[in-house]
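What follows is one structure encoded as structure tokens, with my remarks underneath.
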Amino acid sequence: MEINVLLFGQLSESIGKSSLKLTGISTTDELKIRLQQQFPGLEKMTYSIAVNKQIIQKNTPLNSGDEVALLPPFSGG
Amino acid sequence: MNEINRHQRQLQLSGFGKECQDKLAVAKILVIGAGGLGCPALHYLAGAGVGTLGIVDFDTISITNLHRQILFSTDDVGKSKVLVAAQKLKAINPEVEIKTYSTQLTNLNALEILKNYDLIIDSTDNYSTRYLVNDACVLLEKPLIYGAVIRFEGQVGVFNIEENSLKTNYRDLFPNPPNPDSAFSCNDMGVLGVLPGIIGTWQASEVIKIIAGIGTPLVNKILTLNLLENAAFEFEITKNNEFQPNIPKNKADFLKFNYEWFCDKNYQNVISLEAFDQIRKNQKCTIIDVREPNETPIITEFEALNLPLSRFRESISKMDFTNTVVLLCQSGQRSIKALELLKKQQPSIEAFSLKGGIIEWKTHSKSNYHEQSQT
């Protein structure tokens, strides 16, 4: 089962991509663990998670075809 | 009669008209930050005929501001941002009342300043002030139009308006500020003027929609824009009940809350301009400039080793520092990151990051003393 992950700001810069497709992930906590394993710098970064365009506040189950966005804060003005 | 002529194009606009114009004319909007986001927002809101515009900024105009801070011209360099902005806005629309606050917004003055306005625009450039403004708006029950940029991306959203029994704020999206070493400003990372131009204008658009009661304001939403890739995404914000306790619950708590500590809690090795000058005078020290080679202003007042942050880790891997090290950059943010890298490599080193960076040092040294000799 495949999900699409969208990355923004410093996250996409650090990781080097603005989106990735991942398989075999069934919750947002699992997603964080998988991404941190692949991209160790991610652990120190602050970001919010949205599933299908809705910000989630706790561990959320994921289904095939879901779109998950990782949103870091921006401070520039 | 003059007023009707000035706003004719809005009055004749189907879906807007006199009713909406009259609502704008009694609205009081506070813009916090007269920079890249604040300038376009102020410009368009003055043009649109908002009743009162308040502007908060303690800064003076630099030449590097002009590409994006569109209220300012070359002749204005060195002058107060709020005073010049007020002059320009009055020239655009003399009927708008302009109030200026040439001050740093803190928890001691925020409630007093914000309470007089209907809507608040966050056009600031640092997390401390963003959290402070957000919390003040929650306490005062003021809608907050949020906007922020980095490199080629921006975010914009509307907080603190109830819709469908939901009222979210900045802390529902980002409950805690990030580590200081990831908090970069436009001065550090660079930016194209068009980006804050678009986001600041979008913030003004949200203000107009809310006051006039038209369209769909971004209430409980965040819109992200990527200028390079032409991508826009809209996200719904949900309530974060777990972290709400971090927000001051009343005026007394707000006055005691230390926003600087909250954001910069790990950085005891950040030194003041005075401490830096003392170190240079009294100790053998190695000064490292972590800016990219083409950044200005150039340092001529003392010797500094240029090790750009982009290659810092590799550069220092072959080095061993015996003196005290002071790291600096443009405004004091990247040098914190470099400090962390240096400490990782050489844990016992005595090393500091210069608060405010070379920009503040240059201003400070110009006004304070003449350089006699180099260490």
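Numbered from 1 within each chain, the chains take letters A, B, ... in sequence-line order. Values reported hereafter were calculated over all heavy atoms of this structure, with side chains retained and with hydrogens, waters and symmetry mates removed.
- Residue B:Arg313 places its CZ atom among 12 or fewer non-hydrogen atoms of other residues, nucleotides or ligands, all under 6.0 Å distant.
- Atom NZ of B:Lys221 is surrounded by more than 12 heavy atoms from other residues, nucleotides or ligands within 6.0 Å.
- Residue A:Ser18 does not touch chain B at all, counting heavy-atom pairs closer than 4.5 Å.
- More than 12 heavy-atom neighbours from other residues, nucleotides or ligands sit within 6.0 angstrom of CD on A:Gln38.
- Counting heavy atoms of neighbouring residues, nucleotides and ligands inside a 6.0 Å radius, atom NZ of A:Lys17 does not exceed 12 of them.
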**Prompt:** For B:Phe233 and A:Phe8, what are the C-alpha separation, side-chain angles and deciding distance, and is it a side-chain contact (heavy atoms from CB on, under 4.5 Å)?
**Reply:** CA-CA 11 Å; B:Phe233 295 98; A:Phe8 297 85; 3.6 Å; yes

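- Interface summary for chain A: among B:Leu173, B:Asp122, B:Asn126, the most heavy-atom pairs under 4.5 angstrom belong to B:Leu173.
- At most 12 heavy atoms of other shown residues, nucleotides or ligands fall within 6.0 angstrom of atom NZ in A:Lys58.
- Of the possible donor and acceptor atoms, one in the side chain of B:Tyr127 sits under 3.5 Å from a partner among the backbone N and O of A:Pro73.
- Both the backbone and the side chain of A:Leu71 come within less than 4.5 Å of a heavy atom in chain B.
- Neither the backbone nor the side chain of B:Phe152 has a heavy atom closer than 4.5 Å to any heavy atom of chain A.
- Residues B:Phe235 and A:Ala50 come closest through the heavy atom pair CD2-CB, 3.5 Å.
- The line from CG of B:Asn240 to CD1 of A:Ile55 is 10.5 Å long, rounded to the nearest 0.5 Å.
- Pairing each heavy atom of B:Asp172 with each of A:Gln57, the nearest pair is O-NE2, 2.9 Å.
- With rounding to the nearest 0.5 angstrom, the CD1 atom of B:Ile237 is 13.5 Å from the CD1 atom of A:Ile56.
- For the residue pair B:Thr238 and A:Gln54, the shortest heavy atom distance occurs at CG2-CG, 3.8 Å.
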**Message:** One pair to check against side-chain contact (heavy atoms from CB on, under 4.5 Å): A:Phe74 and B:Val149. What are the steps and the verdict?
**Reply:** CA-CA 6 Å; A:Phe74 301 163; B:Val149 298; 5.6 Å; no

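- Top candidate by heavy-atom pairs under 4.5 Å with chain A, chosen from B:Arg151, B:Gln69, B:Glu153, B:Glu229, is B:Glu153.
- Residues satisfying the side-chain contact (heavy atoms from CB on, under 4.5 Å) criterion with B:Leu227, sequence neighbours excluded, are B:Val194, B:Leu195, B:Ile198.
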